[in-house]
K.L.:
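Let me give you the structure first, and then I'll get to my questions.
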Protein chains: 2
Amino acid sequence: MTSKQEFIKKLRNSNLRPTKQRINICEVLFNRDKTFHFTINDLFNLIKDKTEEKVSLATVYNTVHAFHKKGYLKEIPINSNQTYFDTNVTDHHHFFDVKEERLIDLKNEDVGPIEIQKSIPGKKIKSVEVLVKLED
Amino acid sequence: MTSKQEFIKKLRNSNLRPTKQRINICEVLFNRDKTFHFTINDLFNLIKDKTEEKVSLATVYNTVHAFHKKGYLKEIPINSNQTYFDTNVTDHHHFFDVKEERLIDLKNEDVGPIEIQKSIPGKKIKSVEVLVKLED
DNA sequence: ATTCTTCTTTAGAATAATTATAAAAAACTC
DNA sequence: GAGTTTTTTATAATTATTCTAAAGAAGAAT
Ligand SMILES: [Mn+2]
Ligand SMILES: [Mn+2]
Ligand SMILES: [Zn+2]
Ligand SMILES: [Zn+2]
């Protein structure tokens, strides 16, 4: 299956019609080997570079959030004025290079199993994420 | 030593003159038994409740960041439009109740030791933080 | 293919958290 | 107290994000 067909499937699954703007967004997001950590602004700039056609910022926001809602993108909790997303939606952890403002994947085996020995009545665990801040 | 003296010491250590506005901020921040997780807006509202005198939002921002810089406050990485701070500046982890937008401390023994088996050349680990998201 | 309906794009406005400005007030020094 | 430095505060500016509404594109029905 060509990647364009995959993108269309992802879009349909997210209740989005496959428009050319959204396909372009998919190209930048999903047509890559490695995981991709980005802010909306990163993504917006890469789209401007890669494609002739313009895509509006609003469309980028809308599409990213639809993918996020559907589970095709993950939001990474870090202290930043901008929101960071990740194309790697599996459970995994991160280094965060504070100086360069860059996220790096940590595999689960790089961290080891984490057992939470405390529980809150009426609540259950949704996710466990480790953030390792790096300095020089 | 009275707590006011402690506040003045904290302020002086942070290169801040002990003004009445800043002492009021300290009262709300540090005059408590348990750890305190807050946003600037939380803090601002509590100050309005607790004290007669008004403190401007700008002063709250400035003072909080001076304490943060000095290490008297910690910033907690979570996905939120607002920045969360913590009066517990020791290394520790958190539950985050997504629905109620509330942080809860996890002691280190509730999580167990975390060994990071990967390193990035030229970088060293500054902190390791676990965020456990909770749902109903 | 034409028509009709629903969704999408987009520019621009609105919102909201945070930071910057600069003049008046307070704190500190001598 | 006089002089100097820092602080407060109202207000403006900035920035990320969301909203709006009109024009355009996609899909369905004929
Ligand atoms: Mn990742
Ligand atoms: Mn805490
Ligand atoms: Zn989202
Ligand atoms: Zn800070």
Side-chain angles (χ1 to χ4, degrees), chain A residues 4-5 7-29 37-48 51-70 73 75-85 101, chain B residues 4-5 7-29 37-48 51-70 73 75-85 101:
Chain A
K4 183 165 177 188
Q5 291 310 308
F7 301 157
I8 290 174
K9 199 194 285 183
K10 276 198 164 78
L11 287 166
R12 291 260 181 240
N13 285 340
S14 308
N15 291 308
L16 298 178
R17 287 181 183 173
T19 64
K20 69 179 194 307
Q21 289 89 340
R22 285 168 177 166
I23 303 269
N24 283 334
I25 292 171
C26 286
E27 294 280 356
V28 177
L29 277 180
H37 299 116
F38 64 97
T39 64
I40 296 284
N41 212 53
D42 293 337
L43 179 55
F44 187 60
N45 287 325
L46 285 172
I47 293 165
K48 276 198 267 189
T51 79
E52 303 297 303
E53 310 119 87
K54 302 168 194 80
V55 179
S56 74
L57 187 58
T59 297
V60 177
Y61 269 100
N62 290 338
T63 307
V64 164
H65 276 118
F67 283 149
H68 174 225
K69 186 178 175 191
K70 183 62 188 179
L73 291 174
E75 212 175 312
I76 309 298
I78 52 174
N79 290 131
S80 170
N81 48 333
Q82 291 169 87
T83 305
Y84 277 76
F85 295 91
E101 291 223 310
Chain B
K4 183 164 177 189
Q5 291 310 308
F7 301 156
I8 291 175
K9 199 193 285 182
K10 275 197 164 77
L11 287 165
R12 291 259 181 241
N13 284 340
S14 309
N15 291 310
L16 298 178
R17 287 181 183 173
T19 64
K20 70 179 194 305
Q21 289 88 340
R22 285 168 177 166
I23 304 269
N24 283 334
I25 292 169
C26 286
E27 294 279 356
V28 177
L29 277 180
H37 299 117
F38 64 97
T39 65
I40 296 286
N41 211 52
D42 293 337
L43 180 56
F44 187 59
N45 287 326
L46 285 173
I47 292 165
K48 276 198 267 190
T51 79
E52 303 298 302
E53 310 120 86
K54 301 169 193 78
V55 179
S56 74
L57 188 58
T59 297
V60 176
Y61 269 100
N62 290 338
T63 306
V64 164
H65 277 118
F67 282 150
H68 175 225
K69 186 178 175 191
K70 182 63 187 179
L73 291 174
E75 212 175 312
I76 309 298
I78 52 173
N79 290 130
S80 170
N81 48 334
Q82 292 169 86
T83 305
Y84 278 76
F85 294 91
E101 291 222 310

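In what follows, chains carry the letters A, B, and so on, assigned in the order in which the sequence lines appear, proteins first and then strands, with residues in each chain numbered from 1. Every value quoted in this text rests on a predicted model; they were computed, and no experiment measured them.
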K.L.:
Check the phosphate of C/dC28 against B/Arg12, side-chain N and O only, distance under 4.0 Å to OP1 or OP2. Yes or no?
P.N.:
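For C/dC28, OP1 or OP2 has a side-chain N or O of B/Arg12 closer than 4.0 Å.
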K.L.:
Between B/Leu57 (CG) and C/dT19 (P), how many Å, whole number?
P.N.:
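Rounded to whole Å, this separation is 11 Å.
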K.L.:
Classify the nucleic acid contact of B/Thr39 as base, sugar-phosphate or nothing, counting any heavy atom under 4.0 Å across all strands shown.
P.N.:
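Result for B/Thr39 = nothing.
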K.L.:
Could you work out which one of C/dT9, C/dC7, C/dA26 sits closest to the side chain of B/Arg17?
P.N.:
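Nearest listed nucleotide: C/dA26.
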K.L.:
Please give, in whole Å, the distance from C/dT19 C1' to B/His65 NE2?
P.N.:
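It works out to 10 Å between those atoms.
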K.L.:
Using whole Å, what does the distance between atom C1' of nucleotide C/dT9 and atom CD1 of A/Ile23 come to?
P.N.:
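Atom CD1 in A/Ile23 sits about 15 Å away from atom C1' in C/dT9.
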K.L.:
Quick check: do B/Val55 and B/Thr63 have side-chain heavy atoms less than 4.5 Å from each other?
P.N.:
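No. Closest side-chain heavy atoms not under 4.5 Å.
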K.L.:
For the pair made of CD1 in A/Ile47 and C1' in C/dT10, what is the distance, rounded to whole Å?
P.N.:
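Those two atoms, CD1 and C1', are 14 Å apart.
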K.L.:
Considering heavy-atom distances to DNA chain C, does B/Gln21 or A/Gln21 have its closest nucleotide positioned more toward the 5' end?
P.N.:
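Whichever sits nearer the 5' end wins; that is A/Gln21.
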K.L.:
For DNA chain D, which nucleotides open and close the run of contacts to chain A, 5' to 3', at under 4.0 angstrom from a non-hydrogen atom?
P.N.:
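Counting from the 5' end, contacts occupy D/dA16 to D/dG27.
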K.L.:
Nearest-Å distance, CG (B/Asn62) to P (C/dT21)?
P.N.:
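Value for this atom pair: 12 Å.
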K.L.:
Does the ring centre of B/His68 sit less than 6.0 Å away from the ring centre of B/Tyr61?
P.N.:
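For B/Tyr61 and B/His68, the ring centres are not under 6.0 Å apart.
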K.L.:
Just verifying a value: how many Å separate A/Ile78 CD1 and B/Ile78 CD1, rounded to the nearest 0.5 Å?
P.N.:
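One finds 12.5 Å between CD1 of A/Ile78 and CD1 of B/Ile78.
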K.L.:
At 4.0 Å (heavy atoms only), tell me whether A/Lys54 reaches a base, stays on the sugar-phosphate, or touches nothing.
P.N.:
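Contact class for A/Lys54: sugar-phosphate only.
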K.L.:
Taking OH from A/Tyr61 and C1' from C/dA14, how many angstroms apart are they, rounded to a whole number?
P.N.:
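From A/Tyr61 OH to C/dA14 C1': 14 Å.
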K.L.:
Does some side-chain heavy atom of A/Phe85 sit less than 4.5 Å from a side-chain heavy atom of A/Leu29?
P.N.:
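When only atoms from C-beta onward are counted, A/Phe85 and A/Leu29 do not touch, as no gap falls below 4.5 Å.
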K.L.:
May I ask you to check whether A/Thr39 and A/Asp42 show a side-chain donor-acceptor distance below 3.5 Å?
P.N.:
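The answer is yes; a qualifying pair exists.
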K.L.:
Drop me the distance from B/Ile47's CD1 to B/Glu27's CD, to the nearest 0.5 angstrom.
P.N.:
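Output value for this atom pair is 10.5 Å.
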K.L.:
Side chains of A/Lys54 and A/Gln21, heavy atoms from C-beta outward: is any pair under 4.5 Å?
P.N.:
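No, every pair of side-chain atoms sits at 4.5 Å or beyond.
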K.L.:
Calculate the interatomic distance between A/Asn24 atom CG and C/dT8 atom C1'; express it in whole Å.
P.N.:
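After rounding, the reported distance stands at 15 Å.
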K.L.:
By the 4.0 Å heavy-atom rule, please label A/Thr19 as base, sugar-phosphate, or nothing.
P.N.:
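It contacts sugar-phosphate atoms only.
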K.L.:
On DNA chain C, check which nucleotide each of B/Thr83 and B/Pro18 is closest to and give me the residue with the more 5' one.
P.N.:
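The residue closer to the strand's 5' end, by nearest nucleotide, is B/Thr83.
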K.L.:
Please state how far atom CZ in B/Arg22 lies from atom C1' in C/dA25, giving the value in whole angstrom units.
P.N.:
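Taking atom C1' of C/dA25 as the reference, CZ of B/Arg22 is at 13 Å.
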